[in-house]
2 protein chains.
Amino acid sequence: MQIGELARTTATKVETIRFYEKIGLLPEPGRTSGNYRDYGAAHLARLSFIRRARDLGFTLDQVRELLTLSDDSSRSCSAVDTVARAHLAQIDQKIADLRALRRELDELIGQCSQGAISDCRIIEALGPSAQNGH
Amino acid sequence: MQIGELARTTATKVETIRFYEKIGLLPEPGRTSGNYRDYGAAHLARLSFIRRARDLGFTLDQVRELLTLSDDSSRSCSAVDTVARAHLAQIDQKIADLRALRRELDELIGQCSQGAISDCRIIEALGPSAQNGH
DNA sequence: CTTGACCCTGTAGTTGCTATAGGGTGCATA
DNA sequence: TATGCACCCTATAGCAACTACAGGGTCAAG
């Protein structure tokens, strides 16, 4: 399987696959006589794993850790659980931060009366004299 | 006012201030005889604006746009409103994405029975044969 | 034998900073 | 006067996680 097909199968860009190889996340595949990368089922499985974990918001470092853990099949699952739980906590934090931010921005927008800039509450609230209530 | 004081006043790192100047977000201040940057009230106001907007999650490009709009005080406020509303929509999208992701990850973690890796549902779910239900 | 789709390497760009190296300035103290 | 220290200067490289070139090579079809 050459890189383009692997890319299509996993919905990954060709450049991203080469990037994963360069940073050691995806093992170097064999090469054809014409120096084309030649991927097999193991590569497909590993790349799928990477993409799925990335879709779930794991960082590349976390993915690397998960891959290492999953390669050592004798190890307990609890380490994997720990990584996943840490990630979940990060997500919760991000959601909370975004909600606080959303509330503030929404308030600002609610005050906009579509007048001239000089009366704009948004601009005003962003200014240095905005000591009110945050 | 030299850069360090401006940094402390606005809770910004010195390097960040120089960075904002380099990308044209903050105008170049005058210099002292010793070539130190010398800031006035206008710089403080502008940097405060930038920081506040950044805290609200606006990108630097959006901040640039807001600054341009606020500089032209004759213009209608509605352009500002548009930028802010677009940003709010982006935040809502991000929150929705994170919640979907959180739900999925939470489900995965709930299935972990702390056994061996070979039985780990998290690892399994990340694999390529995970066609079930996403 | 040429066209076109694909592949290769290497490098630079993206966003929003942060950190380092290698210096100069300004003021107080020994 | 020297020297120490906090502060300032420029320029460059690094971070995540890719993405986008530039400038080539390969391979099958027409």
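Lettering of chains follows the sequences in order, A, B, ..., and the numbering in each one begins at 1.
Two residues are said to be in side-chain contact when any heavy atoms from C-beta on lie closer than 4.5 Å; Leu47(A) and Tyr39(A) fail this criterion.
Of all the residues in residues 9-19 of chain A, Lys13(A), Glu15(A), Thr16(A), Phe19(A) reach under 4.0 Å from DNA chain D with at least one non-hydrogen atom. Residues from residues 21-38 of chain A placing a heavy atom under 4.0 Å of any atom in DNA chain C, listed by number, are Lys22(A), Arg31(A), Asn35(A), Tyr36(A), Arg37(A). Residues of residues 88-96 of chain B that place a heavy atom closer than 4.0 Å to DNA chain C do not occur.
Both Arg51(A) and Tyr39(B) sit near DNA chain D, but only Tyr39(B) has its closest nucleotide nearer the 5' end.
Between Arg46(B) and Asp71(B), at least one side-chain nitrogen of the basic residue sits less than 4.0 Å from a carboxylate oxygen of the acidic one, meeting the salt-bridge criterion. The existence of a salt bridge linking Asp38(B) and Arg31(B) is excluded, since no basic side-chain nitrogen approaches an acidic carboxylate oxygen closer than 4.0 Å. Between Arg37(B) and Glu28(B) there is no salt bridge, since no side-chain N of the basic residue sits under 4.0 Å from a carboxylate O of the acidic one. The pair Asp55(A)-Arg51(A) does not count as a salt bridge, with every side-chain nitrogen at least 4.0 angstrom from each carboxylate oxygen.
As rounded to whole Å, 13 Å separates atom C1' of dC6(C) from atom CD of Glu5(A). Whole-Å rounding puts the Leu47(A) CG to dC18(D) C1' distance at 14 Å. Atoms CZ (Phe58(B)) and C1' (dG16(C)) sit 17 Å apart, rounded to a whole Å. With rounding to whole Å, Arg64(A) atom CZ is found 12 Å from dC18(D) atom P.
Minimum heavy-atom separation, Thr10(A) to Leu6(A): OG1-O, 2.8 Å. Shown here for Leu56(B) and His87(B), the closest heavy-atom pair between the two residues is O-NE2, 2.8 Å. Here the shortest heavy-atom pairing between Leu98(A) and Ile91(B) reads O-CG2, 3.8 Å.
Hydrophobic clustering, with ILVMFWY side chains joined whenever heavy atoms are under 4.5 angstrom apart, keeps Tyr36(B) apart from Leu44(B).
Side chain of Gln62(B) to main chain of Thr59(B): a donor-acceptor pair is present (N/O by atom type, distance under 3.5 Å, no hydrogens or angles).
An OP1 or OP2 oxygen of dG16(C) is reached within less than 4.0 angstrom by no side-chain nitrogen or oxygen of Tyr20(B).
Just one of Lys94(B), Arg99(B), Gln93(B) meets the side chain to side chain donor-acceptor pair (under 3.5 Å) condition when paired with Asp97(B); it is Gln93(B).
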